[in-house]
Amino acid sequence: MFGIACLVLPLLALVKSSLELRAGGIGFDNFVAVLSSSVDRQAILGSLQFAAIQALLCAVIGTPLALAMLRLGQRGRRWWLPLMNVATSFGGPGLAFAFLLLIGTSGAITMLWTQLFGGNPFPSLGSMFGLNLLSLYIHLPMYVILSLPSFGMLRPEWWEAAQVSRSSRFRYWRRVGFPVIAPFIAAHTLQIFTWSMGSYALPYVVTDSPQSVPLITVEIGRDLQSAVFGLERAATFAVLLMVLAIGTMWLYRTIQEQGAKIL
């Protein structure tokens with residue numbers, strides 16, 4: 001009953017709001033209006049691009065980091081895991097303001113660089129590059145923490161058997177190591193993609209300039225703040241996000257199950 005009250009009923013109310021028409025009745029006109037609007041399409045594409053870049057960066061950078069942490073052993077991980085936990089928790093407006101104070105337009109490092117060398121080498125934090133730089137601070141440690149248990153399933157005796165058979169390290173990873181962890185890499189990448197799509201607090205603080213990236217979550221927040229012309233657009237965006245999240249989570253579960261079968 002608690003799950004129904006907190007999850008199912010709000011979900012049904014959200015779907016109902018997205019289908020309600022201003023002229024009365026029920027229909028898909030709100031979805032047609034959102035998908036046919038160039039501004040709304042830019043917000044959808046901006047969110048997809050941002051989430052895809054975040055997921056790709058975390059997979060490319062985080063996978064070697066997670067494997068390196070496994071080689072440190074329990075004692076080495078005791079030093080790094082708390083730092084990563086702090087990084088994953090330090091997000092939202094606090095992280096955005098910290099970066100603004102450091103490398104923002106009037107940030108301390110920016111002003112020092114300008115006085116010494118002239119010009120501003122740092123990107124706008126609301127741009128695609130700046131937003132990915134900010135979000136990577138949170139999502140990269142999160143990816144590593146998620147990957148450690150699954151990557152830990154690589155058994156030392158597999159590498160020992162490869163050494164006995166005089167197999168190279170490259171061949172071991174190509175034939176054994178990577179095929180085992182590949183499903184988990186894909187699953188955790190999907191998780192980062194889904195979380196990035198739903199990011200709101202951090203992008204909202206920095207996406208307030210002409211160079212800012214349009215995002216679905218920021219558009220929803222702006223609609224909820226104004227609410228002059230109704231909340232149909234915000235509800236439609238929210239349903240689109242929900243459908244995407246359900247699809248990616250279903251795919252995540254499927255990939256995880258396939259990875260478990262390999263082991």
Side-chain angles (χ1 to χ4, degrees), residues 6-7 10-11 13-14 17-18 34 39-40 42-58 62 82-110 122-146 188-227 231 233-246 248-249:
C6 294
L7 297 175
L11 185 149
L14 188 64
S17 298
S18 68
V34 166
V39 175
D40 295 344
Q42 286 180 0
I44 295 172
L45 292 175
S47 292
L48 289 172
Q49 184 182 1
F50 165 65
I53 293 174
Q54 277 295 291
L56 181 61
L57 287 174
C58 286
L83 293 176
M84 291 191 172
N85 282 318
V86 170
T88 56
S89 302
F90 183 56
L95 177 63
F97 283 121
F99 271 84
L100 285 171
L101 292 173
L102 288 176
I103 61 173
T105 305
S106 301
I109 299 178
T110 303
F122 304 110
S124 170
L125 294 179
S127 64
M128 183 61 73
F129 184 87
L131 194 57
N132 275 286
L133 178 65
L134 284 171
S135 301
L136 202 62
Y137 184 93
I138 307 170
H139 292 147
L140 184 58
M142 187 181 298
Y143 177 90
V144 173
I145 291 173
L146 289 172
H188 301 323
T189 302
L190 277 173
Q191 280 185 301
I192 299 298
F193 178 87
T194 307
W195 281 325
S196 300
M197 283 290 296
S199 299
Y200 170 69
L202 189 149
Y204 179 79
V205 175
V206 296
T207 54
D208 194 23
S209 66
Q211 298 83 18
S212 297
V213 180
L215 299 175
I216 292 177
T217 51
V218 176
E219 293 298 320
I220 292 175
R222 289 171 180 168
D223 283 355
L224 293 176
Q225 285 184 347
S226 58
L231 298 176
R233 179 171 176 263
T236 304
F237 271 138
V239 170
L240 290 175
L241 275 178
M242 179 182 65
V243 171
L244 181 64
I246 292 173
T248 53
M249 284 298 99

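Note that the coordinates shown come from a computational prediction; the quantities given were computed from them, not determined experimentally.
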Nearest-0.5 Å distance, CZ of residue F193 to CG of residue L48: 5.0 Å
Side chain to side chain contact (heavy atoms under 4.5 Å, CB included) against Q42, all qualifying residues, sequence neighbours excluded: P214
All side chain to side chain contact (heavy atoms under 4.5 Å, CB included) counterparts of T189, not counting sequence neighbours: A55, A59, Y143, I185
Pairwise distance NE2(H188) to SG(C58) - rounded to 0.5 angstrom: 12.0 Å
Main-chain N/O of I103 paired to T110 side chain as donor or acceptor, under 3.5 Å: yes
Close side-chain approach of L240 to I216, heavy-atom, < 4.5 Å: no
Interatomic spacing from CG in L125 to CG in L100 - rounded to 0.5 Å: 5.0 Å
Atom pair CZ/CG of F129 and N132 - distance to nearest 0.5 Å: 8.5 Å
Those residues that, when tested against Y200, pass ring pair (Phe, Tyr, Trp, His ring centres under 6.0 Å) (two or more places apart): Y204
Under 3.5 Å: donor-acceptor pair, side chain of S18, backbone of A235: no
Heavy-atom side-chain proximity of F237 to L241 below 4.5 angstrom: no
Side chain to side chain contact (heavy atoms under 4.5 Å, CB included) against S196, all qualifying residues, sequence neighbours excluded: F50, A51, Q54, H139, I192
Spacing of CG belonging to L231 relative to OG1 belonging to T236, to within rounding of 0.5 Å: 10.5 Å
T194: partners by side-chain hydrogen bond (donor to acceptor under 3.5 Å, both in side chains), with sequence neighbours left out: T248
N/O donor-acceptor pair under 3.5 Å between T88 side chain and N85 backbone: yes
Contact summary for D40 and V34, nearest pair of heavy atoms: CB-O, 3.1 Å
Nearest heavy-atom neighbours spanning L14 and A238: CD2-CB, 3.7 Å
Approximate separation, where rounding is to 0.5 Å, of M142 CE and Q191 CD: 9.5 Å
For the student: nearest non-hydrogen atoms of V144 and G62, plus distance: CG2-O, 3.8 Å
Closest approach of A96 to V206 (non-hydrogen atoms, all atoms of both residues): CB-CG1, 4.0 Å
Trace of the side chain to side chain contact (heavy atoms under 4.5 Å, CB included) decision for I138 with W195: CA-CA 11 Å; I138 307 170; W195 281 325; over 6 Å; no
Set of residues satisfying side chain to side chain contact (heavy atoms under 4.5 Å, CB included) with respect to L45, sequence neighbours excluded: none
